[in-house]
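Order of the sequence lines fixes the chain letters, A, B, ..., with proteins taken first and strands second; residue numbering starts at 1 for each chain.
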There are 2 protein chains.
Amino acid sequence: MVRLKPVVNDPQGLVVTEALHALGYDEVEGVRVGKFISLELGDGDPERARARVEEMCRRLLCNGVIEDYRFQLSEGGEAS
Amino acid sequence: MVRLKPVVNDPQGLVVTEALHALGYDEVEGVRVGKFISLELGDGDPERARARVEEMCRRLLCNGVIEDYRFQLSEGGEAS
C-alpha cells in the first residue's frame, strides 16, 4: 500500500470528497486516495522476500519524497 | 480498497511487472494495481457508517462491472 504523506495535498481525494458530498454523504470529512499494489512472488523464503519487497518499494513503487508505504506478506507469497 | 477483478486485464500492473524485471526482480510473477481509499467520517455510529460506506462503494468508489472492493472501519471513524 502506497499513499501520499499526510502533509502532501491530494487533489484526487478532494474531488472524491466533493463527489460524495454531491451525493449526500455529508459525514465525509476527508478522502485520501493511494495505491494498493499486489505482488505475486516466486520466492518461497519470507525473510528474503521481505527484504526484496522493501527494496522494490524504495527503488520503484514508492516515491519517498511525497509517499509512504507499508506492506505485508501473506501465505502463498503475495505481498501487498 | 478497490481493485480490478481477477478476470480483468491490468495494463498498469503489467508495466510495473516489466519495470521490476528490468531492475532484476525476476521473482515477481505478477502485479495488480488497485486503489487504497481512506475516508474520514464524522459519523460516530459504526453500524450506520458501515451501511453508508457500503453504499458509497456501490454508487461511486467502485465500478462493480470490473472492480471488487472491501473495507474496514477503524477507531476514530476512518474507513479504508
Shared hydrophobic cluster, B:F36 / A:V31 (ILVMFWY, side-chain heavy atoms < 4.5 Å): no
Chain B neighbours within residues 10-22 of chain A, where any heavy atom lies under 4.5 Å away: A:V16, A:A19, A:L20
Between A:K35, A:M56, A:E55, the one whose heavy-atom pairs under 4.5 Å with chain B are most numerous: A:M56
Transitive ILVMFWY side-chain link A:V28 to B:Y69, under 4.5 Å: yes
Rounded distance (nearest 0.5 Å) linking atom CZ of B:R48 with atom CD of A:E27: 7.5 Å
B:V2 with B:L4, same ILVMFWY side-chain cluster at under 4.5 Å: no
Chain A interface, residue from B:D26, B:L23, B:L61, B:V33 that has the most non-hydrogen pairs under 4.5 Å: B:L23
Heavy-atom side-chain proximity of A:Y25 to B:R59 below 4.5 angstrom: yes
Shortest non-hydrogen contact from B:S38 toward A:R3: OG-NH1, 3.8 Å
Cluster check A:M1, A:F71: I/L/V/M/F/W/Y, side chain < 4.5 angstrom: no
